[in-house]
Novice: 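First the structure, then my questions, so here it is.
A, B, ... follow the sequence lines: proteins, then strands. Residue 1 opens every chain. Small disclaimer: the values here were computed from a predicted structure and weren't measured.
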Amino acid sequence: MLIATWNVNSIRTRLTQIIDWINQVNPDILCLQETKVMDDSFPVEPFEKLGYSVEVYGQKSYNGVAIISKIKAENVKKGFFGCTGSKQNIEIFLDQKRLISADFNGVKIINVYVPNGSALGSDKFEYKINWLSCLASFLDELDKKGELICLMGDFNVAPSNLDIHDPKKYEGGIMASEIERSALKNVLKGRLIDSFRIFEKTPGHWSWWDYRNNAYELNKGWRIDHIYISKELTSKLKNCVIDSSPRENLRPSDHAPVMIDLNLSEINEDFIEDEDNFFEI
DNA sequence: ATGGCAGAAGCATTCTGA
């Protein structure tokens, strides 16, 4: 099962590119960020024509997330819920549409667009750190219930210096500061694993290139789009790749899609085996 | 230190992103 994430920087501007990519890659689940559109204006039909269901959580001009899937999404939730351990009041985050979650074959897919944070010490930076703190509390609650998690999206954090083309220049700055990295670590708490780093330990793999300064042509990128999976799922993980090819399109998104191949049928087989055992008893 | 580039809103220019 192919599960992908892509910050498309406007669903309406990128629509034909996304449809082309779906036709090429045939993902089972595609999580989008920065859709930048109200829910009633989201172009649902082109996806439904290809046999996909669409779940949206958007707003005018900014942010916005969506889940496109071949399997019907179950238990769709928009925004944070159950963050009882958070110091932050969830209501603070209601106006920015940055998180949507749904269950597929017993796995909870959580699609996030983490705030950029602008600059260290700014109000937006404080918002980013508070948002990540709320996300950590959100995951703590799901962890208590023993949920299998796939947390994916645009995190706006390079987890290590391997994930920046010029660490000397950018280390300590926005998306590369110790404050952001430790806030991200507090979300993951060792229970969620970076799918990409299971397969690839070297630098030079980017998911975002600035529109400015010819960054893509010079391959000056960052790896800030991630797919984190529960430890229990790592044995089902076949692959994780960044597909930089859409970044070469005319008028591309500044982000490339990232995807994993997760063998969820094995999970169902395990489940069926357990049921058989139950009936034998 | 600043701007570069792109999208949305809306019609000139500002806000936001990363």
Novice: Linking Ile, Leu, Val, Met, Phe, Trp and Tyr by side-chain heavy atoms under 4.5 Å, what else ends up with A:L94?
Specialist: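 Joined to A:L94, directly or through intermediates: none.
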Novice: Which comes earlier along DNA chain B counting from the 5' end, the contact point of A:S61 or that of A:E34, where each point is its nearest nucleotide?
Specialist: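 It is A:S61 whose nearest nucleotide is closer to the 5' end.
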Novice: Measure from CD on A:Q33 to C1' on B:dT16 and round the result to the nearest Å.
Specialist: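 The distance from CD of A:Q33 to C1' of B:dT16 comes to 17 Å, rounded to the nearest Å.
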Novice: Just N and O in the side chain of A:K124: are any of them under 4.0 Å from OP1 or OP2 of B:dG17?
Specialist: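 Looking at the OP1 and OP2 atoms of B:dG17, one of them is under 4.0 Å from a side-chain N or O of A:K124.
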Novice: Would you call the rings of A:H255 and A:W208 parallel, tilted or perpendicular, taking 30° and 60° as the class edges?
Specialist: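 Ring orientation, 0 to 90° scale: tilted.
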Novice: 5'-most contact on DNA chain B: A:I174 or A:T35, nearest heavy atom basis?
Specialist: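 Its nearest nucleotide being more 5', the pick is A:T35.
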Novice: Which word best sums up how the rings of A:F80 and A:W131 line up, parallel for under 30°, tilted for 30 to 60°, or perpendicular for over 60°?
Specialist: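 The rings of A:F80 and A:W131 sit tilted, inter-plane angle from 30° to 60°.
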Novice: What is the nucleic acid contact for A:N156, judged by heavy atoms within less than 4.0 Å: base, sugar-phosphate only, or nothing?
Specialist: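 Sugar-phosphate, no base atom in range.
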Novice: Tell me which nucleotide among B:dG7, B:dG4, B:dA8 gets nearest to the side chain of A:N213.
Specialist: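 The answer is B:dG4.
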Novice: Between B:dT14 and B:dG10, how far apart are the C1' atoms? Round to whole Å, please.
Specialist: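 It comes out at 11 Å once rounded to the nearest Å.
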Novice: How far does the P atom of B:dA6 sit from the matching atom of B:dT2, given to the nearest Å?
Specialist: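 Roughly 23 Å separates the two P atoms.
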Novice: Which nucleotide in the set B:dA18, B:dA6, B:dG7 lies at the smallest distance from any side-chain heavy atom of A:Y211?
Specialist: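 Taking heavy atoms from C-beta onward, the closest nucleotide is B:dA6.
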Novice: For a quick test of reading the model: is some side-chain N or O of A:S10 closer than 4.0 Å to OP1 or OP2 of B:dA8?
Specialist: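 Yes, because at least one side-chain N or O of A:S10 sits under 4.0 Å from OP1 or OP2 of B:dA8.
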Novice: Quick one: which of B:dG7, B:dA9, B:dA18 gets closest to the side chain of A:N9?
Specialist: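 Side chain of A:N9 sits closest to B:dG7.
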Novice: Taking atom P in both B:dA18 and B:dG7, compute the distance separating them and give it to the nearest angstrom.
Specialist: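 Pairwise P distance, B:dA18 against B:dG7, rounds to 14 Å.
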Novice: Indicate, with a heavy-atom threshold strictly under 4.0 Å, whether A:N7 touches base, sugar-phosphate, or nothing.
Specialist: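 The answer is sugar-phosphate, as A:N7 gets under 4.0 Å only of primed atoms, P, OP1 or OP2.
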Novice: B:dG17 and B:dG3: how far apart are their C1' atoms, nearest whole angstrom?
Specialist: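 After rounding to an integer number of Å, I get 15 Å for this pair.
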Novice: Quick check on B:dA8: is either OP1 or OP2 less than 4.0 Å from any side-chain nitrogen or oxygen of A:T13?
Specialist: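 Looking at the OP1 and OP2 atoms of B:dA8, one of them is under 4.0 Å from a side-chain N or O of A:T13.
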Novice: A:W222 near the nucleic acid: base, sugar-phosphate alone, or nothing, with a heavy-atom cut-off under 4.0 Å?
Specialist: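 The residue A:W222 makes no contact with any strand.
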Novice: If I pick the C1' atom on B:dT13 and the same atom on B:dA1, what distance separates them, to the nearest angstrom?
Specialist: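 Rounded to whole Å, the distance is 24 Å.
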Novice: Roughly, in whole Å, what's the span from CG in A:D254 to P in B:dA8?
Specialist: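 For the pair A:D254 CG and B:dA8 P, the rounded distance is 12 Å.
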Novice: Under a 4.0 Å N-O cut-off, is there an ion pair linking A:R191 with A:D140?
Specialist: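 Judged by the 4.0 Å cut-off on N to carboxylate O distance, A:R191 and A:D140 do form a salt bridge.
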Novice: Measure the acute angle between the ring planes of A:F155 and A:H226, then classify it against the limits of 30° and 60° as parallel, tilted or perpendicular.
Specialist: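 Rings of A:F155 and A:H226: tilted, as their planes differ by 30° to 60°.
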Novice: Which part of the nucleic acid does A:D154 contact within heavy-atom distance under 4.0 Å: base, sugar-phosphate only, or nothing?
Specialist: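 Here A:D154 touches the backbone only, sparing every base.
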Novice: Under 4.0 Å, counting only non-hydrogen atoms across every strand here, what does A:F155 touch: a base, just sugar-phosphate, or nothing?
Specialist: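 A:F155: no heavy atom of the nucleic acid under 4.0 Å.
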Novice: What I want to check is whether an N or O donor and acceptor connect the side chain of A:R212 with the base of B:dA18 at under 3.5 Å.
Specialist: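 Such a pair exists between side chain and base.
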Novice: Find the distance A:K36:NZ to B:dA9:P and express it as a whole number of Å.
Specialist: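 Atom-to-atom, A:K36 to B:dA9, this comes out as 9 Å.
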Novice: Can you give each donor-acceptor pair under 3.5 Å made by side-chain atoms of residues 38-49 of chain A, sequence neighbours left out, with the distance rounded to 0.1 Å?
Specialist:
unit_1, atom_1, unit_2, atom_2, d
A:D39, OD1, A:G58, N, 2.7

